[in-house]
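Okay, so here's the structure we're looking at.
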There are 2 protein chains.
Amino acid sequence: MHSLVCKKEVSIISDKICKRDQLLTAVIDLVAEKGYNGVSTKEIAATAGVNEVTLFRQFGNKQNLLETAFHHFHYADEMTKLFQDKITGDLHTDLLLISRSYQEIMYRNRKVMQIALKEHHIFAGFQEKANKHPKKLLELLTQYFDKMLNQGKLIETNTNTQALSFMWMNYGAFISNMYESESSFPSTTMEQFILESAVTFTRALTP
Amino acid sequence: MHSLVCKKEVSIISDKICKRDQLLTAVIDLVAEKGYNGVSTKEIAATAGVNEVTLFRQFGNKQNLLETAFHHFHYADEMTKLFQDKITGDLHTDLLLISRSYQEIMYRNRKVMQIALKEHHIFAGFQEKANKHPKKLLELLTQYFDKMLNQGKLIETNTNTQALSFMWMNYGAFISNMYESESSFPSTTMEQFILESAVTFTRALTP
DNA sequence: ATAGCATGCAAGTGCTTACTTGCATTCATG
DNA sequence: CATGAATGCAAGTAAGCACTTGCATGCTAT
């Protein structure tokens, strides 16, 4: 028993993905760019290369299409694994890893993030879901700082605020680069920032 | 020869501001909340307490109303004055001042910033104008770091990247607090962040 | 071969939107 | 008092919106 969707993916015309997925992709792309009220079902269908009626037969209505797509494309859980697997105990190495992973994951989620940011007045749940993983990461980073503090590898400081500062710095960087094109990511500016900011926080927090 | 607008502000009913200003306020509030395509001219007029026709007679069309309001409410030039007037040469004091001023100005501009962020696909010029002052601030901060470096008050580092990190950190903090209500600003979290982050960067950058 | 399902196409429904028009009302100013 | 500008009100227009219906077509699986 395998997934019911997209039986045609393995069909004769192999490069043709199924209509359902084409619609999900189209709605994310268009809503991220123009906003929910700025794009019509007609336009979504045309972008997906299907008839508008197919959209309604598959998803019932516009809102449900977007909600389905949002949940479908929202990657998750990668940040938690990070802390289980790859943390070394060396502050500089770890901050670098966290920064880089965060930027990569957020960039991959960028369209979903744009939608959550733009449409939170219509889809209250989006914002919450989009912030779930960054919030978890903040929590894990605070715990990490606490552990380092106990081992004498960190100065006396408010670990929660330090974690928040580090995450906000990365969040600001992400937002500023959110509209960069796929091909130019990560930009040299972003790469420089990641390297330099890890050094900065390491110097500031090392006893 | 004084301003042509709002003669009625000084009228008998003194607390009643003129229709034009009521419309400008309403469109900023509503578009910031619901997006340009999420709010109708009817709704804007109703919020402003005027007839919908008055909106069109005063501003011609919806787009012009928003553009006029955007430029009307976009505060400016305060960041530049900061560096001319209040810089002391003590790193910690200055970073604290910059952070606090930035947050205050951005919060005052928050509705305009929300619009620029949401509607940049429709109003290309908004994003540019909204980012003009933060960009100027980044430039000034870099110059400040350069000067401190020359005076031996800063470690050898890429001053531009350091300035960018500091500004991105504050930008991330601003975005996260953008939707906080007037009464609760600045939150205790934000205040803590401003204090702590100034200390962090001072420790990281002081020789 | 046949039944069933997904899809395309054309047309249409009812609603909302931005924007207009004509006329009556108010009101400060000459 | 008279004039003119700003506003309100009611009605209307043309277009676009989400969404529906009926029917024809083609592909899949039994």
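Each chain gets a letter, A, B and so on, in the order its sequence line appears, and its residues count up from 1. FYI, side chains are in, hydrogens and waters are out, and symmetry mates aren't considered; it's all heavy atoms of this structure. Because the structure is predicted, anything quoted here is derived from the model rather than measured.
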Taking only residues two or more places apart in sequence, or in another chain, which ones meet [X] in a side-chain hydrogen bond (donor to acceptor under 3.5 Å, both in side chains)?
X       : value
B:Thr93 : B:Asp90
B:Thr88 : B:Asp94
A:Gln58 : none

Would you please name every residue forming a side-chain contact (heavy atoms from CB on, under 4.5 Å) with A:Arg108, sequence neighbours left out?
-> A:Tyr75, A:Glu78, A:Glu104, A:Ile105
Round to the nearest Å and state the distance from [X] atom [atom1] to [N] atom [atom2].
X       : N      : atom1 : atom2 : result
B:Asn51 : D:dA10 : CG    : P     : 9 Å
A:Phe59 : C:dT7  : CZ    : P     : 10 Å
A:Asn64 : D:dC19 : CG    : C1'   : 14 Å
A:Lys19 : C:dC5  : NZ    : P     : 19 Å
A:Gln58 : D:dT20 : CD    : P     : 15 Å

Counting distance only, does the side-chain N/O of A:Lys34 pair as donor-acceptor with the main-chain N or O of B:His121 below 3.5 Å?
-> no
Using the test salt bridge (Lys or Arg N to Asp or Glu O under 4.0 Å), find all partners of B:Glu33 that sit at least two apart in sequence or belong to another chain.
-> none
Is the phosphate of D:dA6, meaning OP1 or OP2, less than 4.0 Å from a side-chain N or O of B:Thr54?
-> no
Protein-proximity profile, nucleotides 13-23 of chain C, B/S/- by nucleotide at the 4.0 Å heavy-atom cutoff, equals ----SSBBBB-
